[in-house]
Amino acid sequence: VAVLANNFQAEYGNRAGVVINIVTKSGSNQWRGTAWDYLRNEAFNATPWNNAFFGLPNPRYRYNYFGGNLGGPIKKDKLFFFYNYENLKQDTPTLTNQIRVPTELERKGDFSQTVNANGTRPTIYYPGTQASGNPILIPNNIIPQNLITDLGRAIMNIYPLPNLKNETNNNYLNQYARVNNRHLNVVKVDYNISESMRAYVRFNYDHQHYRDMVTWAAGSNLPFVITGWDRPDKALTANLTKTISSRMVVETLFNWQKDFVNAPIEVSGDPERIDRNKMGLGGLPMVFKTSTNILPQIQGTGYQDFQFNRFPWYAIAPEYQIAQTWSLTKGTHLIKWGGQFIRNEKDEINQAIEKGNYNFSVNTASDFDMGYSPANVLTGALSQFTQVSNPSRKLSKFQDVHFFVQDTWKVTPKLTLDFGMRVYHIPSEHNTNFDITMDAAFLPGKWDPAKAPRFYVRKTVAPSPDPTF
């Protein structure tokens with residue numbers, strides 16, 4: 001492994017940041033192998049302070065990293081084989097989160113026992129009376145049953161019941177296990193074609209099974225918002241090295257790799273809990289039909305907000321690369337030159353409010369507002385609703401072309417100079433199917449002057465009789 005942190009040569013100028021060169025081991029004329037295992041377990045850990053404070057047991061903590069490799073000859077001195085296997089199993093808890101969820105009384109519209117975070121009682125009005133200028137209080141903070149909607153009850157019942165006694169606000173303690181299982185397979189075959197020519201082929205298969213609170217895909221600290229992904233990545237590399245003379249070598253490389261991140265509904269920690277129909281919200285009013293029955297974004301409730309704006313989702317990103325490098329030794333100079341072509345494609349689901357966003361925040365100017373967000377939820381007093389017509393999707397490609405030349409000159413045994421130049425062309429990433437991705441882009445083929453909106457009206461003004469005006 002070689003790590004280049006700065007002062008890169010022109011040969012390594014195709015990516016920003018640190019450059020890490022990793023050379024995979026090869027087989028030899030003797031069979032050799034290695035095996036290992038690294039283990040951690042909660043039985044070896046002290047109880048965390050917050051668990052001891054809440055009287056919780058030692059959280060589950062499993063970390064097991066094991067694997068091995070084997071290499072040897074297929075044909076002595078000519079053909080060699082190497083295989084490496086690594087398996088990483090992690091089952092670790094996150095920090096515990098305290099959040100607020102509706103109590104049993106609050107789900108029924110009874111806020112007589114509810115206390116705000118500052119110790120005061122909430123103030124609840126009959127719908128719209130604040131906007132009318134004649135605010136009328138709800139007696140004893142108990143909402144009449146004829147004001148409560150079935151959809152409001154259903155939203156309240158999505159939340160788990162409190163599990164912390166004597167807590168008036170942050171009454172729910174959420175703790176879950178983060179799962180990150182990953183296994184890697186590497187197969188490499190080396191072939192000594194002749195004394196002046198060598199080749200190898202390498203195939204990688206890396207599979208990740210990940211479950212966590214992926215907040216940028218489905219944000220919340222609620223237990224039913226656990227998602228994750230399965231990530232079966234593949235890569236194939238072929239290399240041919242030719243020694244042309246004692247001073248010149250040429251190396252040709254081909255690489256294909258496919259990064260596939262897949263997060264279908266099945267990766268949810270509780271698929272039924274996030275099904276809109278099964279949770280009694282099939283009748284939620286929407287502007288556009290959705291592609292799934294997953295819960296919409298719910299916010300401004302006075303409790304923990306949640307959303308699934310990027311779930312389910314996937315990202316498929318194949319990359320193709322061809323590169324060639326020539327090396328020439330001339331006296332105290334090592335001269336290199338070459339080129340590289342990289343092509344990337346991407347098919348990805350991005351974040352969008354396609355499932356709808358229901359905001360129950362207080363809005364005293366509304367004819368339905370009750371002055372208290374949890375009460376607005378029960379009575380269906382929306383402050384704002386937002387929805388887009390389609391999921392946000394990317395179907396893009398971009399490609400790079402690079403050329404470089406460099407000279408490593410060993411001036412003296414104590415002084416070496418590196419100088420070179422890299423020229424590259426990296427056009428911008430662009431989508432390839434605007435009808436699907438719905439980009440805000442101008443397409444000349446779709447322009448119809450007859451349908452163009454007019455933003456001004458031409459008007460003729462008579463000249464002023466006074467030339468000085």
Side-chain angles (χ1 to χ4, degrees), residues 1 3 20 22 24-25 32-71 83-101 158-167 169-186 204-233 261-274 304 306 311:
V1 178
V3 179
I20 302 177
I22 301 176
T24 304
K25 293 174 66 175
R32 299 181 183 275
T34 306
W36 70 89
D37 190 4
Y38 177 74
L39 176 68
R40 295 182 67 177
N41 190 284
E42 70 270 10
F44 308 138
N45 297 343
T47 302
W49 178 90
N50 52 346
N51 283 64
F53 179 80
F54 289 113
L56 298 175
N58 209 0
R60 182 181 176 89
Y61 190 100
R62 307 289 171 88
Y63 184 100
N64 193 10
Y65 180 34
F66 61 93
N69 55 60
L70 179 67
Y83 172 71
N84 183 76
Y85 175 76
E86 298 177 31
N87 194 322
L88 173 62
K89 295 181 181 294
Q90 292 187 70
D91 186 350
T92 59
T94 64
L95 294 176
T96 53
N97 298 305
Q98 267 189 272
I99 59 175
R100 183 189 177 195
V101 297
I158 292 173
Y159 292 92
L161 289 167
N163 61 5
L164 289 179
K165 297 180 180 180
N166 303 320
E167 285 286 344
N169 277 275
N170 294 327
N171 53 9
Y172 184 82
L173 188 68
N174 182 33
Q175 184 182 37
Y176 68 96
R178 178 189 290 120
V179 177
N180 186 8
N181 296 333
R182 190 168 187 170
H183 62 87
L184 171 67
N185 295 270
V186 179
N204 296 57
Y205 178 71
D206 180 4
H207 189 280
Q208 182 186 29
H209 172 88
Y210 186 71
R211 301 294 182 268
D212 198 356
M213 291 282 185
V214 188
T215 55
W216 47 263
S220 179
N221 286 318
L222 291 161
F224 58 85
V225 188
I226 295 175
T227 59
W229 56 72
D230 292 316
R231 191 170 191 168
D233 290 353
V261 186
N262 189 28
I265 295 176
E266 290 73 20
V267 306
S268 167
D270 194 346
E272 292 197 359
R273 194 80 169 185
I274 66 173
Q304 180 71 46
F306 59 86
F311 184 79

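- Taking CD from Q304 and CG from N97, the interatomic distance works out to 8.0 Å, rounded to the nearest 0.5 Å.
- With sequence neighbours excluded, the residues forming a side-chain contact (heavy atoms from CB on, under 4.5 Å) with N262 are F260, P264, Y314, listed by chain and number.
- Residues meeting the side chain to side chain donor-acceptor pair (under 3.5 Å) test with N180, sequence neighbours left out: Q208.
- With hydrogens and angles disregarded, a donor-acceptor distance shorter than 3.5 Å links the side chain of Q98 to the backbone of N170.
- Considering all non-hydrogen atoms of both residues, P162 and V101 come closest at N-CG2, 3.7 Å.
- The distance from atom CG of N87 to atom NZ of K89, rounded to the nearest 0.5 Å, is 4.5 Å.
- Atoms CD1 and CD1, from I158 and I274 in turn, are 11.0 Å apart once rounded to the nearest 0.5 Å.
- Partners of N185 under the side-chain contact (heavy atoms from CB on, under 4.5 Å) rule, at least two apart in sequence or in another chain, are Y83, Y85, H183, Y205.
- For the pair R178 and Y210, the minimum side-chain heavy-atom distance is below 4.5 Å.
- Atom CZ of F44 sits about 6.0 Å away from atom CG of L39, to the nearest 0.5 Å.
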Between side-chain atoms of residues 53-62 and protein atoms elsewhere (two or more places apart, or another chain), which donor-acceptor pairs fall under 3.5 Å?
from: N58; atom 1: ND2; to: E42; atom 2: O; distance (Å): 3.1
from: N58; atom 1: ND2; to: N45; atom 2: O; distance (Å): 3.0
from: R60; atom 1: NE; to: D91; atom 2: OD2; distance (Å): 2.5
from: R60; atom 1: NH2; to: D91; atom 2: OD2; distance (Å): 3.4
from: R62; atom 1: NE; to: E42; atom 2: OE1; distance (Å): 2.7
from: R62; atom 1: NE; to: E42; atom 2: OE2; distance (Å): 3.1
from: R62; atom 1: NH2; to: E42; atom 2: OE2; distance (Å): 2.7

Less than 3.5 Å apart, which donor and acceptor atoms pair up between the side chains of residues 217-228 and the rest of the protein, not counting sequence neighbours?
from: S220; atom 1: OG; to: L222; atom 2: N; distance (Å): 3.1
from: S220; atom 1: OG; to: D305; atom 2: O; distance (Å): 3.2

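- In this view, R231 and D233, D259 satisfy the salt bridge (charged side-chain N to carboxylate O under 4.0 Å, His left out) rule, not counting sequence neighbours.
- One distance of note links CG of L184 with NE2 of H207; it measures 12.5 Å at 0.5 Å rounding.
- Pairs passing the salt bridge (charged side-chain N to carboxylate O under 4.0 Å, His left out) check and including a residue from residues 45-55, sequence neighbours excluded, do not occur.
- Every residue two or more places apart in sequence or in another chain was checked for a side chain to side chain donor-acceptor pair (under 3.5 Å) with Y172, and none qualifies.
- Between the side chain of R100 and the backbone N or O of N171 there is no donor-acceptor pair closer than 3.5 Å.
- Every ring pair (Phe, Tyr, Trp, His ring centres under 6.0 Å) that Y38 has, sequence neighbours left out, goes to Y63.
- For D37, the side-chain contact (heavy atoms from CB on, under 4.5 Å) partners two or more places apart in sequence, or in a different chain, are N64, F66.
- The shortest non-hydrogen separation linking A263 to W229 is CB-CB, 4.2 Å.
- Scanning for side chain to side chain donor-acceptor pair (under 3.5 Å) contacts around N84 gives N69, E86, with sequence neighbours left out.
- Every residue two or more places apart in sequence or in another chain was checked for a salt bridge (charged side-chain N to carboxylate O under 4.0 Å, His left out) with R273, and none qualifies.
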Discussion item. The test is side chain to side chain donor-acceptor pair (under 3.5 Å); show your working for N174 and Y176 and say whether it passes.
Written reply: CA-CA 7 Å; N174 182 33; Y176 68 96; over 6 Å; no

